[in-house]
Amino acid sequence: MDQPLRQTPKGERCSPAAALLAWYDRQRRDLPWRAKPGETADPYLVWLSEIMLQQTTVTAVKPYFDAFRRRWPDVAALAAAPVEAVMQQWAGLGYYARARNLHACAKAVVVWYGGQFPATEAELRQLPGIGPYTAGAVAAIAFGRQAVAVDGNVERVIARLYAIDTPLPAAKPLIAAHARSLLDPERPGDFAQAMMDLGATICTPRRPLCGLCPLNTFCLAAARLSPEDWPRKAAKAARPARRGAAFFLRRGAELLLRTRPPQGLLGGMSEFPGTEWSADYDPTNALRDAPLIADYHRLDVTVMHQFTHFILTLDIFVADGRRGTKPPQGCRWVSDIEAEALPSVMRKVVAAVRSSGWWERA
DNA sequence: GAGGCGTGGAA
DNA sequence: TTTCCAAGCCT
């Protein structure tokens, strides 16, 4: 693939990678998982951060990264932890298959590689939860390998740089080829992080700051004065609505919870018992699915929550269980809700019950 | 290739 | 309020 070049003020020829790295050396973001200039990156921390950052913002990741690093300082410690503890620590970050795969990957690194992460893309790619992007990122950033890490940022930067009209995801192979052609063989790790910094701070999805961009003079989309027109993407389908009910059962200071199946939506996480979540939910029939017989009261408020592929509206039925009431099959009485792996949608249920005033009434 | 899989913040 | 989306992976 051809390398565009331009003249610098001093007259030497300047590649996009050189311009990018010069910008990165001045403007690099200081992030908790990022080695300082001259320092060696810890593969465990690079890997941990890359898994957390999948489809997740830096702001959301920071507190989770700190907590994980403090609680499990190395891959052996994480591998030795119960998977339930990992799920609980992950609660709120979303995409919970990542947490299960994180733990499985830690165990695999200990068993297969004696607790040392492998350095090649091909080996990393075999580990659970590590796909093409993460394998490239860890190989380049933690081990200095000649690998590119093509994430959403890089796709956007490359698609604009070359004004690629093929829509995503069909354009991915072409974009990856362009990325490899740009790669600086001396600094693959910095190149990967520089591309992501550029996409995150300059070459943003909306209103990119082309005047500050080190690649401005190379960029075909900027030359056409409409960088926001790239990357091309197929239109997404509208998010359908689903409804359901959650049953908030209290027995003294305890609450009735159950654990969702390990696979699928919110896999392995805790929840209040409830109905199916469906488009044709009928609130008048909701109590047929109640986990035990009680004097239920439906709250006036509902809980709304946006999942990736549908929008959920939840009715909430509250009731007190009598002392000595046995938990139904698959459920358990829980006294410490904070120790549970409660996803955000279920925390919203708790908040709704608290704000309703029912909680204080006897 | 397409769809499932969370969440919270920005515009 | 609605829409979009942020360092993807798995099936």
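Letters A, B, ... are given to chains in the order of the sequence lines, protein chains preceding strands, and every chain is numbered from 1. Please read these numbers as outputs of a predicted model, since none were measured by experiment.
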Fill in: Nucleotide nearest A:Thr56 when distance is taken to its side chain, options C:dC5, B:dG6, C:dT3
B:dG6
Worksheet, complete the sentence: Out of B:dC5, C:dC4, C:dC9, minimum distance to the side chain of A:Gln306 belongs to C:dC4
Worksheet entry | Options B:dA11, B:dG6, C:dG8, nucleotide nearest the side-chain atoms of A:Asp151 | C:dG8
Fill in: Of the listed nucleotides C:dG8, C:dC5, B:dG6, the one nearest the side chain of A:Phe307
B:dG6
Practice prompt. Test A:Val334 against A:Glu340 for side-chain contact (heavy atoms from CB on, under 4.5 Å), laying out the working first.
Written response: CA-CA 9 Å; A:Val334 168; A:Glu340 290 291 319; 3.7 Å; yes
Worksheet item: C:dA6, C:dC4, C:dG8: which one has an atom nearest the side-chain heavy atoms of A:Arg156?
Response: C:dA6
Worksheet item: Which pair of non-hydrogen atoms, one from A:Arg145 and one from A:Thr120, has the smallest distance, and what is that distance?
Response: NH1-CG2, 3.7 Å
Item to complete: For A:Met304 and C:dT1, give me the distance from atom CE to atom C1', rounded to whole Å.
Response: 9 Å
Practice prompt. Have a look at A:Trp90 and say if it touches a base, only the backbone sugar-phosphate, or nothing, with a 4.0 Å heavy-atom cut-off.
Written response: nothing
Worksheet entry | Position toward the 5' end of DNA chain C (nearest nucleotide), A:Pro128 or A:Arg34 | A:Arg34
Discussion item. If you only use heavy atoms from C-beta on, which nucleotide in B:dG8, C:dC9, B:dC5 is closest to the side chain of A:Thr134?
Written reply: C:dC9
Discussion item. Categorize A:Pro343 for me: base, sugar-phosphate, or nothing, with a 4.0 angstrom heavy-atom threshold over every strand shown.
Written reply: sugar-phosphate
Worksheet item: Whole-Å distance between B:dG6 P and A:Lys348 NZ?
Response: 14 Å
Worksheet item: Is it true that atom CG of A:Asp336 has more than 12 heavy atoms of other residues, nucleotides or ligands lying nearer than 6.0 Å?
Response: yes
Item to complete: Check whether the side chains of A:Trp23 and A:Asp197 place a donor and an acceptor atom closer than 3.5 Å, and report yes or no.
Response: no
Worksheet item: So what does A:Leu102 touch, heavy atoms closer than 4.0 Å: a base, only the sugar-phosphate, or nothing?
Response: nothing
Discussion item. Let me spell it out: for each of A:Val58 and A:Asn101, pick the nucleotide of DNA chain C with the closest heavy atom. Which residue's pick is nearer the 5' end?
Written reply: A:Val58
Worksheet item: Hey, does the side chain of A:His305 come within less than 4.0 Å of B:dG6's phosphate (OP1/OP2), counting only N and O?
Response: no
Worksheet item: Between the base of B:dG9 and the side chain of A:Thr59, is there a donor-acceptor distance below 3.5 Å?
Response: no
Item to complete: Could you check whether A:Val345 gets within reach of a base, just the sugar-phosphate, or nothing at all, counting any heavy atom under 4.0 Å?
Response: sugar-phosphate
Discussion item. Please tell me if A:Gln55 has a side-chain N or O lying less than 4.0 Å from either OP1 or OP2 of C:dG8.
Written reply: yes
Fill in: For atom CZ of A:Arg100 and atom P of C:dC9, their distance in whole Å
19 Å
Fill in: Length of the line joining A:Leu127:CG and C:dC9:P, which is rounded to integer Å
12 Å
Practice prompt. For B:dG3, take OP1 and OP2 only and decide whether either is under 4.0 Å from a side-chain N or O of A:His309.
Written response: no
Worksheet item: Taking the side chain as C-beta and beyond, is there a heavy-atom pair between A:Arg187 and A:Phe191 under 4.5 Å?
Response: no
Response to the item:
Picking from C:dC5, B:dT7, C:dC10, the nucleotide nearest the side-chain atoms of A:Leu266 would be B:dT7
Worksheet item: Considering only side-chain heavy atoms of A:Tyr95, which listed nucleotide, B:dG6, B:dT7, C:dC9, is closest?
Response: B:dG6
Worksheet entry | Euclidean distance, atom CG of residue A:Leu342 to atom P of B:dG6 [Å, nearest integer] | 15 Å
Worksheet entry | Rounded interatomic separation in angstrom, taking CE from A:Met269 and P from B:dG6 | 9 Å
Item to complete: In whole angstrom, give me the gap between the P atoms of B:dG6 and C:dT11.
Response: 14 Å
Discussion item. Students often get this wrong, so: under 4.0 angstrom with heavy atoms, is A:Gly267 touching a base, only sugar-phosphate, or nothing?
Written reply: nothing
Practice prompt. Say whether A:Gln193 and A:Arg34, considering side chains only, have a donor N or O and an acceptor N or O under 3.5 Å apart.
Written response: yes
Practice prompt. Answer with base, sugar-phosphate or nothing: what part of the nucleic acid does A:Leu93 contact at a heavy-atom distance below 4.0 Å?
Written response: base
Fill in: Distance, rounded to the nearest Å, where A:Gln54 contributes CD and B:dT7 contributes P
16 Å
Fill in: Distance, rounded to the nearest Å, where A:Arg29 contributes CZ and C:dA6 contributes P
13 Å
Discussion item. Using OP1 and OP2 only, check whether a side-chain N or O of A:Tyr96 sits under 4.0 Å from B:dT7.
Written reply: yes
Item to complete: Look at the side chain of A:Arg206 and decide which nucleotide, out of B:dA11, B:dT7, C:dC9, has an atom nearest to it.
Response: B:dA11
Response to the item:
DNA chain B nearest-nucleotide lookup for A:Ala97 and A:Arg207: closer to the 5′ end is A:Ala97
Discussion item. Tell me whether the side-chain N or O atoms of A:Thr57 pair up with the base of B:dG9 as donor and acceptor below 3.5 Å, since no angle test is needed here.
Written reply: no
Fill in: Nearest heavy-atom neighbours spanning A:Trp72 and A:Ala77
CD1-O, 3.5 Å
